[in-house]
Number of protein chains: 2
Amino acid sequence: MQQLDFTSLLKQYNLKATPQRIIFLKELMDAGHLSIEELESRVKSVIPTISTATIYKNINSMVQKGLLNEVKLPGVKTKYEITKYKHAHFFCKSCQKVFDIKVDTSCIYQEIDKEFSIDEIDVSVQGICRECLKDDKKVS
Amino acid sequence: MQQLDFTSLLKQYNLKATPQRIIFLKELMDAGHLSIEELESRVKSVIPTISTATIYKNINSMVQKGLLNEVKLPGVKTKYEITKYKHAHFFCKSCQKVFDIKVDTSCIYQEIDKEFSIDEIDVSVQGICRECLKDDKKVS
DNA sequence: CTGACTGCAAACGTTTTGCACGGTA
DNA sequence: TACCGTGCAAAACGTTTGCAGTCAG
């Protein structure tokens with residue numbers, strides 16, 4: 001995705017397209033999922049003069065407008081991703097990476113929609129990714 | 001559950017049964033799921049002299065030993081519950097209460113266990129609980 | 001009796017705020 | 001030009017730490 005796309009993406013969400021925000025989104029797009037800490041260090045390596053306050057202000061405004069999505073996973077700091085189609089997350093306990101996965105939640109609906117009115121279902125899975133499974137074999 | 005049960009529960013997890021910890025667990029058992037803030041205010045209403053540091057130290061040691069479980073839900077502060085059988089959570093957007101629910105995750109396994117080695121699946125559902133649905137009808 | 005737990009206060013890291021300046025639309 | 005966004009510094013939070021005294025086992 002080029003810079004122009006981030007510009008129009010920001011405008012779609014009623015946010016001004018500043019250089020800081022474009023780098024911000026670029027880093028998030030490249031990495032997929034980043035904690036505030038990770039995002040800050042990545043953005044600062046591109047724009048060393050950016051202030052921490054700006055990082056926070058942008059995360060908050062983008063989450064509030066719906067451009068970013070908060071990803072809460074067990075035992076890990078909250079991460080952020082650019083909002084896209086609804087999906088689940090896989091967290092690899094070995095490499096600590098987060099993967100987007102597609103899951104079928106039909107079996108979950110069937111169990112509980114008698115008792116509750118369901119708006120949304122969030123699924124997160126933990127385990128070992130294929131890449132780390134391969135590495136394990138090499139080591140052992 | 002009586003006080004004696006909390007005492008033995010703490011001992012099972014190699015934690016000394018102090019009065020602070022017993023109240024701590026009692027409040028969590030009554031409420032089901034509490035944030036640090038909520039837990040602190042409830043415990044302080046029983047033992048006003050308890051210090052915030054003790055609250056934090058106990059949460060950390062109990063989570064580390066496995067007596068408590070961290071519950072991360074979208075858009076809400078992290079809550080804690082006494083560890084029990086594996087279950088999912090339902091969060092009511094109206095009354096803000098958390099309910100324990102039983103879900104069948106078989107359909108999720110089938111989709112992704114070709115690509116990943118799965119250790120655990122977490123499911124959280126948001127919507128409106130039956131009680132709030134009833135209240136809505138009364139109002140409208 | 002000993003090690004673990006508590007309470008206090010200070011320290012620390014993270015997030016927010018206010019304000020003057022600068023840049024986008 | 002009119003706002004919105006940025007950067008800085010200070011303030012406000014939330015959480016952790018060190019230590020002396022206390023208590024459970």
Side-chain angles (χ1 to χ4, degrees), chain A residues 3-28 34-68 70-72 75-80, chain B residues 3-28 34-68 70-72 75-80:
Chain A
Q3 193 161 311
L4 188 62
D5 297 302
F6 291 125
T7 302
S8 50
L9 184 61
L10 285 162
K11 283 178 189 169
Q12 277 171 43
Y13 283 90
N14 289 308
L15 292 162
K16 288 194 175 175
T18 65
Q20 289 88 340
R21 284 179 178 166
I22 288 162
I23 300 300
F24 202 98
L25 290 179
K26 194 165 144 36
E27 293 302 322
L28 262 174
L34 292 173
S35 66
I36 295 185
E37 241 186 341
E38 292 164 342
L39 184 59
E40 182 173 8
S41 89
R42 273 167 166 266
V43 172
K44 280 198 170 160
S45 74
V46 183
I47 321 177
T49 54
I50 199 173
S51 79
T52 305
T54 300
I55 305 275
Y56 280 98
K57 283 171 186 168
N58 281 334
I59 286 181
N60 290 336
S61 59
M62 290 183 191
V63 168
Q64 196 226 321
K65 302 250 171 153
L67 206 180
L68 296 189
E70 225 180 37
V71 181
K72 289 189 169 188
V76 194
K77 281 190 189 160
T78 299
K79 292 180 179 278
Y80 296 85
Chain B
Q3 193 160 312
L4 189 60
D5 296 301
F6 291 124
T7 301
S8 50
L9 184 62
L10 284 162
K11 283 178 188 167
Q12 276 172 43
Y13 284 89
N14 289 309
L15 292 163
K16 288 196 174 176
T18 65
Q20 289 87 340
R21 286 180 176 164
I22 288 162
I23 300 301
F24 202 98
L25 291 179
K26 194 165 143 34
E27 292 302 322
L28 262 175
L34 291 174
S35 66
I36 295 184
E37 242 188 340
E38 291 163 344
L39 183 59
E40 182 172 8
S41 90
R42 272 168 167 265
V43 172
K44 280 199 169 159
S45 76
V46 183
I47 320 178
T49 54
I50 200 172
S51 78
T52 305
T54 300
I55 304 275
Y56 280 97
K57 283 170 186 169
N58 280 335
I59 285 181
N60 291 337
S61 59
M62 289 183 191
V63 167
Q64 195 227 322
K65 303 250 170 151
L67 206 178
L68 296 189
E70 225 180 37
V71 182
K72 289 188 171 190
V76 195
K77 281 190 188 160
T78 299
K79 292 180 179 279
Y80 296 85

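Residue numbers begin at 1 in each chain, while the letters A, B, ... track the order of the sequences. Hydrogens, waters and symmetry mates are skipped; everything else that's a heavy atom, side chains included, is used. Computed from a prediction, not measured in an experiment: that's the story for all the values here.
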**OP:** Indicate yes or no for a side-chain donor-acceptor contact from A:Ser61 to the backbone of A:Lys57 under 3.5 Å, with no hydrogens or angles considered.
**Re:** yes
**OP:** For B:Thr18, report the nucleic acid contact type (base, sugar-phosphate, nothing); a contact means any heavy atom under 4.0 Å.
**Re:** sugar-phosphate
**OP:** Could you walk me through whether A:Tyr13 and A:Met62 pass the side chain to side chain contact (heavy atoms under 4.5 Å, CB included) test, one step at a time?
**Re:** CA-CA 8 Å; A:Tyr13 283 90; A:Met62 290 183 191; over 6 Å; no
Original post:
Short question: side chain of A:Glu40, backbone of A:Glu37 - any donor-acceptor pair under 3.5 Å?
Top reply: no
Original post:
Whole Å only: how far is the CD1 atom of B:Ile55 from the P atom of C:dC8?
Top reply: 12 Å
Subject >> Gap between atom CD1 of A:Ile59 and atom CG of A:Leu28 - 0.5 Å precision >> reply: 8.0 Å
Subject >> Minimum-distance nucleotide (side-chain atoms of A:Ser51 versus D:dG7, C:dT24, C:dT6) >> reply: D:dG7
**OP:** May I have the distance from B:Ile22 (atom CD1) to C:dT6 (atom P), rounded to whole angstrom?
**Re:** 11 Å
**OP:** Just compare D:dG25, C:dT6, C:dA25 and give me whichever is closest to any side-chain atom of B:Lys11.
**Re:** D:dG25
Original post:
Contact class for B:Ser61 vs. all strands (heavy atom < 4.0 Å): base, sugar-phosphate, or nothing?
Top reply: nothing
Subject >> Separation of C:dC5 P from B:Lys65 NZ (nearest whole Å) >> reply: 7 Å
Original post:
How long is the span from the CG atom in A:Leu68 to the CG atom in A:Leu25, to the nearest 0.5 Å?
Top reply: 6.5 Å
Original post:
Does a donor on one side chain and an acceptor on the other come within less than 3.5 Å for A:Lys72 and B:Thr78?
Top reply: no
Original post:
Taking only side-chain nitrogens and oxygens of A:Asn58, does any of them come within less than 4.0 Å of OP1 or OP2 of D:dG5?
Top reply: no
Original post:
Separation of B:Leu10 atom CG from D:dC23 atom C1', in whole Å?
Top reply: 15 Å
Original post:
Relative to the 5' end of DNA chain D, which residue comes earlier, B:Ile36 or A:Arg21, by the nucleotide with the nearest heavy atom?
Top reply: A:Arg21
Subject >> Closest to the A:Lys77 side chain, choosing from C:dA25, D:dC8, C:dT14 >> reply: C:dT14
Original post:
Is there a side-chain polar atom (N or O) of B:Asn60 under 4.0 Å from OP1 or OP2 of D:dT15?
Top reply: no
Subject >> Nearest-nucleotide pick for B:Tyr56, side chain only, options being C:dA9, D:dT15, C:dT16 >> reply: D:dT15
**OP:** Counting heavy atoms from C-beta on, name the nucleotide in D:dT15, C:dT14, D:dT17 closest to the side chain of B:Ala53.
**Re:** D:dT17
**OP:** Using whole Å, report how far OH of A:Tyr80 lies from P of C:dT14.
**Re:** 14 Å
Original post:
Hey, does A:Lys57 reach any base, or is it just sugar-phosphate, or nothing, if we go heavy atoms under 4.0 Å?
Top reply: base
**OP:** Return the 5'-most residue of the pair B:Leu15, A:Lys16 with respect to DNA chain D, ranking by each residue's nearest nucleotide.
**Re:** A:Lys16
Subject >> Rounded distance in Å - CZ (A:Phe24) to P (D:dG7) >> reply: 12 Å
Original post:
Once you round it to whole Å, what is the distance between P of D:dG7 and CD1 of A:Ile50?
Top reply: 5 Å
Original post:
Does B:Gln20 place a side-chain N or O at less than 4.0 Å from the phosphate oxygens OP1/OP2 of D:dC23?
Top reply: no
**OP:** Report the distance from atom CD of B:Glu40 to atom P of D:dT16, rounded to the nearest whole Å.
**Re:** 12 Å
